[in-house]
Structures are given as C-alpha cells and as structure tokens.
Amino acid sequence: MLGRYAMRCYLGGAAAARAGDEMSGPALLLAGPALTGSATSGSSLLAGIMVAAALGGPLFGVLLDRSARPGRLLAAALALYAAALTAILLALERLPFALTVLLAVGAGLLGPALSGGWTSQLPRVAPPGGLPRANALDAMTFSLAALVGPALAGAVAGTVGAPAAVAVSIALIGLALPAAWALPAPERPVSTPPPTSSVRADLTAGLRVVARNRRLARATATSVISCVGQGALLTCCPPLGAAVLGGADRGALLLSATAASALVANAALSRHPRPPRPDTVLLGGALLLALAPLLAAIGHPAPVIAAALLTGAAEGPLLTALFAVRHREAPERLRGQVFTTGASLKLTGFALGAALAGPLAAWSLPGALVAAAGCAGLAALVFVCLSNGAEATVPLPPPGAV
C-alpha cells in the first residue's frame, strides 16, 4: 500500500476506530443503568476502561515496535477491544457486576491501540515530505470522532436503545480492521537480526527516552497536564448547560462546538503552506486552554459558547503539534512505545481531571472552571521551565541496555 490510497485507507480506518471508541463511552454510560438499574454502573464501567489504559499503553507499544507486521498486531488489538465490548454488553444482565467491571478493565488495556497505536504507523503511509500535513489530517480524525461519536450514541440510544448504541460502536471498530491489517510493514534490511533484547529492556528504554529527551519530555508533560484541565472542563459542561443555556443536556452542544472548532482549526492548519513550529503551537495551545475556562466562568451564553470554540481551536492544533514532536524525536525502534505511552498518560490525566472536577463543580462551578484554567496555565509554565536545555539530547541506550 503506497501513495494516496495508503493515506486514505489509513485515515478511514483511524476515523472509524476512533469514532467507535468515542461512541462506546457514552453508550456504556447509557447501557449500564438501562440494563442493571444502577445509576452508577455506567460510570464504573467507563472508569475501569480509562484506568487500565495507563498500564496497557507502554506494553502494547513495545510489542508493536518488536513486530515484523505491526498492522496485523494492531488489527488483533482492535478485534480484542471489540470482543471485550461485546462481552461487557452480554455480561451486564447475566454476570455479577464486579466481573463486568473486570472485563472493562481488560478492554482498557487495549485502548491506547486506537489512538497512539494508529498514529505511530503514520510515517509508513504518509507521502514523501507530507508528514506535517498528514499529522494535521490524523489529528482531524480525533476531532471528527469526538464530534460524531457521542452524537451518534445519543441518537441510536434514543431511537433503538442503549444496548444498540454499544453494538454500533463495536461495528465501527470492526470496520477499521481491514485498514489496520493492510498497514505496510517497516522497511528493515534483510541482514537486520530480530530483536534480542527482552521486553522488559525495551520497555525501560522507551520510558527512558520519553523522560530523558528534553523536547519529548516537555511535549509529554505539557499535553498530560493540559489533559487534566480538559477533563475538568468536560465535567463542567453539563452544569454549565443547566446554569447558562437552559438545560444540562445542552452541555453536549458545547462539546459538539469544541469538536467542530478543533476540526476547522486542523483543516486550516493542514492547508497552511508554512505551519508554525510544533513547539510554539504547544505553548500557544496551553495558553488558550487556560483562557477558555476563565471565559466560561463569566456565566453568560456568549462567553460560554466562545469558550467552547476557543477550546477546540486550541485542542486541535495542540494535538497535531504533539504528534509532530513525537514523530520528530522518537527513535524508529521505539516509536510505537512513545506514542502508546503518551496516549496512556493523556488518558490518565483526563480521567484524573474529570474525577477531581466533579465534586468541585458541585461545590462551586466557577471554582471548578478556574481550576481547569489553572491546570492549563500550569502546563504552559511547565513548558517554559523545561525549555531550558530542551535542545540538548541524551544519547539513547543501545538495544538491550537497562
């Protein structure tokens, strides 16, 4: 698979898998209470999936880097993720709920495959010299999924029922399997021997390069801390909708506005003949994410809608810039691990922000919004602090070194 067909196939598969993933969360939130009668069952399932991602990402990345056909490994991970969602749906009315949560934890181990696992393969399908534009297009699939997934979950659940929404999310992930399977293998010389280092050694080397490469560490820390603020802002959307827009359900409109704004921002970025340096975009995105919650805290419709649009305009290019830094800095033999580890850390940060903002928003919605702004401001401060000496590089340990 070469040329434009490869890129289109990649983008189609990534969009389908990520839309299914974005749809599965809201669908489980609706299906849990509908099938068990417990109001907290849906959030427990979603928490189980998100918590496990922190452990699964690094290990899956190691296996992806060691594989001679990473596309087939990615396809297997997608199939297992879809199978786990199917098992959760079937178990909700048939097994003790604690066992169902364990199934959700198992599914979460494979979650980073849908984000970092796909993106780590991008250089193998991007046309020569086209990686910057491919990065922007790849980031657009996240925004498109965030726009379509939750809306589709709500529409299907309202029309056919919450279990059907989970089934549709499983089908979308299944649609991505052929594109993942057909991803090209890495071009390795015939004389190159298979890896002789242990999985543990490769895991250590990958974590070490993320921590010791100053530019990579700066981008990772900035994105993860920003995600804490994004998770907090997401939690504030329903009460913002209730307080400002006339109903908690209208908080979903803010999420749609954010996703649409991110999509437009990345579309414009992908067509720019000379896009800004990704490191500059990371800092600017963090600063915009600090401003948006402060606008929302004003508590009037116009500033709240402007805050949602500003959040998307920051999140879209920030994600593109993060991918660009990872592609630039990650060694080829550790690329998969760098991407899946970063995806795991971001998911963990997002979940942490959402969990902490819930009680805070119940006590004071403006206080929760200011806290979200503070997280983004902290991300910008960390970026500045880590910029001292960021151009220095630390030699990567040889394969097998611990």
Side-chain angles (χ1 to χ4, degrees), residues 1 6-7 9-18 21 53-81 109-127 130-142 145 173 176-177 179-188 195 199 202-203 205-211 213 215-217 219-220 223-224 278 319-347 396 399:
M1 288 204 330
M7 193 64 206
C9 185
Y10 170 93
L11 291 173
R18 289 162 180 167
D21 187 35
L55 298 176
L59 181 58
F60 181 75
V62 170
L63 298 178
L64 202 62
D65 289 329
R66 294 167 67 92
S67 174
R69 294 302 303 263
R72 296 183 180 182
L73 180 61
L74 181 58
L78 295 176
L80 287 174
Y81 190 78
L109 293 173
L110 298 167
L114 282 74
S115 51
W118 273 101
T119 304
S120 68
Q121 305 305 304
L122 185 59
R124 299 191 180 115
V125 297
L131 187 57
R133 183 170 186 270
N135 270 329
L137 294 173
D138 186 40
M140 286 172 63
T141 65
F142 284 92
I173 295 171
L177 289 177
W181 185 270
L183 283 169
E187 296 181 1
R188 293 171 179 166
V199 170
D202 282 355
L203 184 62
L207 295 174
R208 189 176 294 171
V209 74
V210 172
N213 183 306
R215 287 168 288 190
L216 193 54
T220 301
S223 66
V224 171
L319 186 61
T320 300
L322 176 64
F323 289 167
V325 172
R326 287 177 182 166
H327 282 305
R328 185 187 69 198
E329 301 296 332
E332 174 63 27
R333 68 181 183 86
L334 298 172
R335 186 182 303 277
Q337 191 183 163
V338 167
F339 273 88
T340 56
T341 298
S344 297
L345 292 173
K346 288 186 65 180
L347 284 171
L396 187 68

Would you please test K346 and L319 for side chain to side chain contact (heavy atoms under 4.5 Å, CB included) and show each step? CA-CA 11 Å; K346 288 186 65 180; L319 186 61; 3.4 Å; yes
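- Within a 6.0 Å radius of CZ in R72, more than 12 heavy atoms belonging to other residues, nucleotides or ligands are found.
- Contact between T141 and A14 at its shortest, heavy atoms only, is OG1-CB, 4.3 Å.
- Atom-to-atom distance recorded for L131:CG and R328:CZ is 11.5 Å, nearest 0.5 angstrom.
- Side-chain contact between V338 and S120 is absent, with no heavy-atom pair separated by less than 4.5 Å.
- Minimum heavy-atom separation, I173 to L78: CG2-O, 3.7 Å.
- The nearest pair of heavy atoms linking C9 to A179 is O-CB, 3.5 Å.
- With values rounded to the nearest 0.5 angstrom, S223 atom OG is found 10.0 Å from F323 atom CZ.
- The side-chain contact (heavy atoms from CB on, under 4.5 Å) check on A77 picks up F60, L110, A113, with sequence neighbours excluded.
- To the nearest 0.5 Å, atom CG of residue L322 and atom NE2 of residue H327 are 9.5 Å apart.
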Using side chain to side chain contact (heavy atoms under 4.5 Å, CB included), reason through R326 and L122 one step at a time and then give a plain yes or no. CA-CA 11 Å; R326 287 177 182 166; L122 185 59; over 6 Å; no
Can R69 and L73 be said to form a side chain to side chain contact (heavy atoms under 4.5 Å, CB included), step by step? CA-CA 7 Å; R69 294 302 303 263; L73 180 61; over 6 Å; no
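- Between W118 and Y10, the angle of the ring planes goes over 60°, which puts this pair in the perpendicular group of the 30/60° scheme.
- In this structure, V325 and P278 approach most closely via the heavy-atom pair CG2-CB, 3.9 Å.
- Taken to the nearest 0.5 Å, the OH atom of Y81 stands 11.0 Å off from the CG atom of L109.
- Rounded to the nearest 0.5 angstrom, R18 CZ and D138 CG are separated by 4.5 Å.
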